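Heads up, the thing below is written out as structure tokens.
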2 protein chains.
Amino acid sequence: MTNIKKVSELAGVSTATVSRTLKSPGLVTEKTRDKVMKAVKEAGYRPNWLATSVKTGKSNSIVVLVPNLVNPFFMRIIEGIEQAAQERGYSVLLGDTQGKSQRENEYASMVLTNRADGLIQLDHSFPFSDNDAELAETIPMVSVCERIANRKYPFIELDNYAASRALAHHLISYGHSRFGIIAGQIESQIYRDRLAGIKSVLHEEGIAFDDSMLVGGSYRIETGVEGARQLAGREQPPTAVICFNDDIAIGALHEFKRLGLTVPGDISVTGFDNVRVSAYMDPPLTTIDQPAYEMGRRAFEVLLQMISRQPLNRTREILPFTLVERQSSGPAKS
Amino acid sequence: MTNIKKVSELAGVSTATVSRTLKSPGLVTEKTRDKVMKAVKEAGYRPNWLATSVKTGKSNSIVVLVPNLVNPFFMRIIEGIEQAAQERGYSVLLGDTQGKSQRENEYASMVLTNRADGLIQLDHSFPFSDNDAELAETIPMVSVCERIANRKYPFIELDNYAASRALAHHLISYGHSRFGIIAGQIESQIYRDRLAGIKSVLHEEGIAFDDSMLVGGSYRIETGVEGARQLAGREQPPTAVICFNDDIAIGALHEFKRLGLTVPGDISVTGFDNVRVSAYMDPPLTTIDQPAYEMGRRAFEVLLQMISRQPLNRTREILPFTLVERQSSGPAKS
DNA sequence: CTGTTAGCGCATTCAT
DNA sequence: ATGAATGCGCTAACAG
């Protein structure tokens, strides 16, 4: 281990001078700077980041909690977080929770032990254990996409209510009146907002919605397959199905076609997220584009403000969506 | 900041006893243990991880370098890494390099500054800057999927040669003899191995391969679209196209269909990786399944051995593939 | 501008 | 079994 002492001896200066040369070169003479830099090179010295951090009390790391890594939508958000973090000299500790609270607890506790300075949660749950809950009151935490249940942490999310309203209007304008919904995770604000948005439009338009047309319960492709099978099996199948993410829509699309239905001829299918492959489905998916990358960036910016103890000008950011109309939605079968 | 000193005063013992109680409870009387634990609770004390690490000289973190986050195949590998790491008490610093060497350099240097104990590289490049190169000689590093160019680091990869041979045999058995290839990243061992595998079979079977039938150059969907357009535009289009990952295959599939060709009727298309959506394409994709999760796990295990300075029994692991036959490949058009 | 000194929070000798 | 003392590697306050 080549440490600052060795370098100072090699350069014939004090350790403080070495430290200064590296952190604030302006404070030392050019002559000593050269001496020190030469010694640094010669010794192959790199400052021990752990020691620096223990002094300053800051880890310059954040934890990102994500329910799973295989959802490209999450990854796009993390890409934004990571990019923003890197620009500000922070690094990202990845916490794949698999939705398990025990894993959430373990990762969340890293903020309590100075291993990380803050936390971004992509799920809707409060990630700390009951034991840690009170300690966690004041720690910097932000949620993105979701909002943390029953807690007052800042969040960045899509205008899910408006987005699902737009989707409903889009489909109604095509003449649809029998709707099916394949939802994702049920216990979440997203679920409530999207459902409320759809229902509000249907209500305004005087269209009835039968709750048995609401199926699903997770954001997986298989949920789409299963949901499609259930909906198609009804005596009066829907003519339009709103899926709560693109994976579900991909599964549903596949299953409807397998059952001999045409999309959008017999049935329209829409998604959420606009993941890359959705444009290459057959037919290409009508979906809601979320500015995932930007949401990730914003989440980090807000978190950084909390870490720096700067006041937040606003505690919630609702980002705009874009309805991407492709060929999986079309006129209702007459 | 509530530190060990405060707890020791609260419990009426020395800081050493507090430390022992937490790390090796066996060395302490039950009575004092109770006292200490009570004080810990009361003070809401959590050991400062930074301080612990600076003492032990170990960060219990590793850096994972990944060219991009949106490729579900990479994410599956990282899932494996993360899982294995978490089981051993390690955490994962995510380094999204976007293929840029500057970013690789920055992340790689974390291992030199004690911010991380080791490094897993998912790309093929040597991630250290020229400056850091000699310091990096002895650091624990492993590559997975790829192997690091011109360096002797351990790697975990697929038997790409055999896999592409299997693919070639599969297609030849369907009567194909005009092949197209849409490759991914060119400067890589994967490229060389897969290409060599295919060519070896064609050679054995006495089938000529025209190098103009080799297109592509990156692992993106758009590469598949573009490659398909090029291949379909030839006077003698191929009847079978081997794509070097599923994203490329998805793009190619889409484009061939858009051009009015049927798959596999007019043209067979195959991929690599077996990402989840590939089974839900229309038609479902014939592809090579890679044990991505397991590869990630193995990569971490090997890295941990290097970190622990244990001798490696082997320096390379070639994992087996599975040819997943679906409906995107079929008999050659006669 | 540079050196001396004193910690950061913790773990680990070495005594007792 | 416990406490006192030392040091991990570095930075910052204070002198000079």
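Lettering of chains follows the sequences in order, A, B, ..., and the numbering in each one begins at 1. Here the structure is a predicted model, which means the values were calculated and not measured.
Aromatic pair A/Phe155/A/Tyr153: ring centres not closer than 6.0 Å. Checked against the 6.0 Å centroid criterion, the rings of A/Phe300 and A/Tyr90 qualify as a close aromatic pair.
For A/Arg20, the listed nucleotide lying nearest its side chain is D/dA13; candidates were C/dC10, D/dA13, D/dT11. If you check C/dA11, C/dG3, C/dT2 against the side chain of B/Lys23, the one that comes closest is C/dA11. In the set D/dG3, D/dT11, C/dG9, C/dG9 carries the atom at the smallest distance from any side-chain atom of B/Asn3. Of the candidate nucleotides C/dG9, D/dG3, C/dA11, C/dA11 has the atom lying nearest to any side-chain atom of B/Thr15. The side chain of B/Ala16 sits closest to D/dG3 out of D/dT11, D/dG3, C/dG9. In this structure, the nucleotide among D/dG3, D/dA12, D/dT11 sitting nearest to the side chain of B/Ser14 is D/dG3. Each of D/dT11, D/dC10, C/dT2 was ranked by its minimum atom distance to the side chain of A/Thr29; first place goes to C/dT2.
Computed from coordinates, the B/Leu50 CG to C/dG9 C1' distance equals 9 Å when rounded to whole Å. When the P atom of D/dA12 is taken as reference, atom CD1 of A/Ile4 falls 11 Å away, rounded to whole Å. Rounding to whole angstrom units, NZ of residue A/Lys5 and P of D/dT11 are separated by 16 Å. For the pair A/Lys55 NZ and C/dG7 P, the interatomic distance rounds to 10 Å; values are reported in whole Å. Note: CG (A/Asn48) to P (C/dC10) measures 17 Å, nearest angstrom. Protein atom CD of A/Glu9 is 13 Å distant from nucleotide atom P of C/dG3, rounded to whole Å. Between the CG atom of B/Asn114 and the C1' atom of D/dG9 there is a distance of 9 Å, given to the nearest Å. Rounded to whole angstrom, the span from the CG atom of B/Leu27 across to the P atom of D/dA1 amounts to 8 Å.
Salt-bridge formation is detected for the pair B/Arg297/B/Glu87: a Lys NZ or Arg NE/NH1/NH2 atom is positioned less than 4.0 Å from an Asp or Glu carboxylate oxygen. Salt-bridge annotation for B/Glu157 and B/Arg316: absent, with no side-chain N of the basic residue lying under 4.0 Å from a carboxylate O of the acidic one.
The shortest distance between the side-chain N/O atoms of B/Thr17 and the OP1/OP2 oxygens of D/dG3 is below 4.0 Å.
Using a 4.0 Å heavy-atom distance criterion, B/Ser19 is classed as a base contact. Here B/Val18 lies out of heavy-atom contact (under 4.0 Å) with every strand. As judged by a 4.0 angstrom heavy-atom cut-off over every strand, A/Thr32 is placed among residues touching the sugar-phosphate backbone only. Residue B/Val28 is in sugar-phosphate contact alone, with no base atom involved, counting any heavy-atom pair closer than 4.0 Å across all strands shown. Residue contacts shown for A/Thr56 are absent, as no nucleic acid heavy atom lies under 4.0 Å away.
When atom types are taken as modelled, the side chain of A/Ser61 and the backbone of A/Val92 share no donor-acceptor pair closer than 3.5 angstrom.
Across the interface with DNA chain D, nearest-nucleotide mapping of B/Lys31 and A/Val54 shows B/Lys31 to be the residue nearer the 5′ end.
Applying the side chain to side chain donor-acceptor pair (under 3.5 Å) test to every pair with at least one member in residues 302-314 of chain B, sequence neighbours left out, gives no pairs at all.
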